[in-house]
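Everything on this sheet refers to the single structure shown next.
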Amino acid sequence: MVAVWAQWEHVTKVDPDKALHDGDTYAGIANTGTDAIIIGGTTNVTEARVQPILDALASTEIPIFVEPTYRPSPSHPEALSGYLLPIVLNADDPLWITGAHHEWIRSSDLEWDYVQPEAYIVLSPASSVATLTQADCDLDIDDVVAYAELAEQVLGQEIVYLEYSGMLGDPAVVAATRDALSSAQLFYGGGIHDYDSAYEMASVADTVIVGDVLHDAGIETVEETVRGTKDAKNDS
Ligand code: 1GP
C-alpha cells in the first residue's frame, strides 16, 4: 500500500459504537482540517455498523480507513481507502497478535493493496482495548521503546501506534519512542481533548489521533485539536 499516512498529522477516529455529539454529522468531520478518518473501536464494531458511516462519508475527499475488529468481507466498499490492521504487540492474548489475523486471512480473500498493518502498544490499563487484548500495560519507558524497535527492526512495521485510549499519555515516553524509530511513523492516540493537549502530543509524535473528543465534545472541539496539531508542526 502506498504510504498515504506519511502525510497525516491529525486523524479523527470514529467509533461506530458511540453516537456523534448533538447536531454533528459524519460529513462535517472532513471540514475540521483533519487529514484522515479512521473508523474503529473495540466493542460492537461490525460491518453492519461501519457501512452506514462509510455511506455518510461517501462524498468526503480525505482518506477513510477502517480498523477492523471483524473479518472484513472480500468486496471493497467504494468510499474506503483501505484497512488498517492492528496487531497488539503487548497483548497477552495471542488472538490479537496473530490469531484473528490468521483466521481472517484463511477465511477470506483480502486485497493486500488495501491492507496496512499497525503495530500497537497499548498503554492504558483501564481501556476496553487493554481488557479485550489482555494487554500488559505495566511497561516502563525502556519497555515501550524496545517494543517500538521490535516492531520496526524485527517485524518490519511501518506504523507504530502508542495507544493511551481514554487517557493523556506521557510525552517523555512518546518522544523517546519516536527517537528510537528510524523511518516508521509514530501514531499517538489517547486523551487529546483541546488545543493544548493536541499541541503537546503533536510536538512529540508524527501523527496524533483523536477519538473520544469527537463523540463527547463534538466537531468544534476536534477543530481546536487540529489547530493545536498544525501549530505544533509549524513550530517544530
Ligand atoms: C483511540 O487512540 C484513539 O483508539 C484515541 O483515543 O479516544 O482517548 O481520544 P481517545
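Whatever order the structure lists them in is the order used to number ligands and atoms, beginning at 1.
One N or O on the side chain of H215 and one on the backbone of D15 form a donor-acceptor pair closer than 3.5 Å. Counting only distance, with no hydrogens or angles, the side chain of Y188 and the backbone of G169 share a donor-acceptor pair below 3.5 Å.
Distance from atom 9 (O) of ligand 1 to its nearest protein heavy atom, with residue and atom name: G211 N, 2.9 Å. The protein heavy atom nearest to atom 7 (O) of ligand 1 is D212 N, 2.9 Å. Ranking the protein heavy atoms by distance from atom 4 (O) of ligand 1 puts E163 OE2, 2.5 Å first.
Counting atoms of ligand 1 from 1 in the listed order, those under 4.0 Å from a heavy atom of K13 are 1 (C), 4 (O). Atoms of ligand 1 found under 4.0 Å from any heavy atom of G191, numbered from 1 in the order shown, are 8 (O), 9 (O), 10 (P). Contact atoms of ligand 1 toward Y161: 2 (O), 3 (C), 4 (O) (distance under 4.0 Å to a heavy atom of the residue).
Of the N and O atoms on the side chains of S182 and Q153, at least one donor lies less than 3.5 Å from an acceptor on the other residue.
Taking the six-membered ring where the residue is Trp, W104 and H101 present tilted rings, their angle falling between 30° and 60°.
Considering G190, G41, S124 only, the shortest heavy-atom separation from atom 6 (O) of ligand 1 involves G190.
Less than 6.0 angstrom separates the ring centroid of Y120 from the ring centroid of Y161.
The pair D212-K18 meets the salt-bridge criterion, with a side-chain N (NZ, NE, NH1 or NH2) lying under 4.0 Å from an Asp/Glu carboxylate O.
Looking at V210 next to ligand 1, no N or O pair under 3.5 Å apart turns up.
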